[in-house]
Amino acid sequence: MLTRSLPSNARSWSTYEQSQRKVQHDLEHKLIFSSRRDGASWQIFVNRIVNQGATLLVIKAKDGSVFGGYTDDEWKPVTDWYGNSSNFLFRIRYPSDTNIDIAQEDQLVMDAWSGDLGSNSNYQYLCWGKQSLPNALAMGGQFDYAGLWLDSDFLHGHSKAGPVCTTYQSPQLSLEEDFTVDQIEVFLVRPMIRDDDDMMENKGGVLSRTEDMEFMEMAGKKLYSRDLQEPDLHDQEEENDEQDNNTK
């Protein structure tokens, strides 16, 4: 059901992409994060989804609602809204006249709202380790009033619409405006093309840059290596000479 709503380039490789990526098999969707499998950790979540490619985020809230979003651009910490209109928000539900007690899975329907319908370009946002900016994952709307918002505590979020999200023209996705997370899954639906330089740059991991050190320190983990200075080679040579004279 979700796959049918994806853009065509997220369902199958084009001939050009097959030649560029040197792949023989068709595009496969891969589960890159599961809160059940990987734990309810914001740090692990961010490390698994950043700089991967186009992804599908699925959230199940404690109120029973299931919803999420497709992002055509990769997730990256740019501290501002970005993305493109191929993104969409969705929710999965039973028809309003369905008796939930006896409902079957094949009765589920999915509603989706694409990014080409809105009045702004606030398609996606991801930030952490910044004291002056909201630390969260978001799609649509604005800070603290988003179509889909997931707090960095990885437990709370919201879906606000008054009456619709300004970016996706979507209504409230969750049953309750402020929701508590039950489960989260992220599927990689179209990997990025990586060159050798990208691979070398990413070896350090997502939480290896300065802003990520700040994130770790905000979490109470002091990184003492930041305060260590490079040794002065001249001073070291003088110290070695002094030691040699003392031994003569």
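Positions are given from 1, in the same order as the sequence printed here. From a predicted model like this one, the values you see are computed outputs, not experimental measurements.
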Within 6.0 Å of CZ in R37, more than 12 heavy atoms from elsewhere: yes
Connected via hydrophobic side-chain network under 4.5 Å: M139 and Y125: no
Min side-chain heavy-atom separation L57-L148 under 4.5 Å: yes
K60, NZ atom: more than 12 neighbouring heavy atoms under 6.0 Å: no
L89-Y145 co-clustered via ILVMFWY side chain contacts under 4.5 Å: no
Minimum heavy-atom distance between C165 and G141, given as atom pair plus value: SG-N, 3.5 Å
Ion pair R190/D72, N-O distance below 4.0 Å: yes
Cluster overlap M110 with L117, hydrophobic side-chain contacts below 4.5 Å: no
Whether H158 and W149 hold their rings parallel, tilted or perpendicular, with breakpoints at 30° and 60°: parallel
Side-chain heavy atoms of W128 within contact of V50, under 4.5 Å: yes
Exercise: identify the closest heavy-atom pair between W113 and R91: CH2-NE, 3.6 Å
Parallel, tilted or perpendicular, as decided by the 30° and 60° cut-offs, for the rings of W75 and Y82: perpendicular
Working for side chain to side chain donor-acceptor pair (under 3.5 Å), residues T71 and D73: CA-CA 6 Å; T71 51; D73 281 359; over 6 Å; no
Minimum side-chain heavy-atom gap Y168-T166 below 4.5 Å: no
Nearest heavy-atom neighbours spanning W42 and A136: CH2-C, 3.7 Å
Sub-4.5 Å side-chain heavy-atom contact between R48 and D38: yes
Check: V186 and L56 side chains under 4.5 Å, non-hydrogen atoms: no
Nearest atoms (heavy-atom pairs only) where C127 meets T79: SG-CG2, 4.1 Å
Expected output: side-chain S114 to main-chain F88 donor-acceptor under 3.5 Å: no
Nearest atoms (heavy-atom pairs only) where A54 meets Y70: CB-OH, 3.5 Å
Worked verdict on I184 versus F33 for side chain to side chain contact (heavy atoms under 4.5 Å, CB included): CA-CA 8 Å; I184 294 181; F33 178 82; 4.2 Å; yes
Side-chain donor-acceptor contacts of residues 171-182 below 3.5 Å, not counting sequence neighbours, with atom names and distances?
unit_1	atom_1	unit_2	atom_2	d
Q172	NE2	S174	O	2.8
Q172	NE2	L175	O	3.1
S174	OG	E176	O	2.6

Side chain to side chain contact (heavy atoms under 4.5 Å, CB included) between F90 and V58, worked out: CA-CA 9 Å; F90 69 87; V58 184; 4.0 Å; yes
No-hydrogen, no-angle side-chain donor-acceptor test under 3.5 Å, Q142 and N122: no
Donor-acceptor contact present, side-chain N135 to main-chain L133, <3.5 Å: yes
Gap separating the CZ atom of F45 from the CG atom of L137, nearest 0.5 angstrom: 5.0 Å
From I59 atom CD1 to S159 atom OG, the distance as rounded to the nearest 0.5 Å: 9.5 Å
I32 reachable from I44 in the ILVMFWY side-chain graph, under 4.5 Å edges: yes
Any side-chain heavy-atom pair of K76 and N51 under 4.5 Å: yes
Check: D153 side chain, L155 main-chain N or O, donor-acceptor pair, under 3.5 Å: yes
S35 OG to F154 CZ distance, which is reported to the nearest 0.5 Å: 6.0 Å
T167-N120 side chain donor-acceptor pair, cut-off 3.5 Å: yes
W81 and F143 aromatic ring geometry - parallel, tilted or perpendicular at 30°/60° bounds: parallel
Shortest non-hydrogen separation from E74 to Q124 and the atoms involved: O-NE2, 3.6 Å
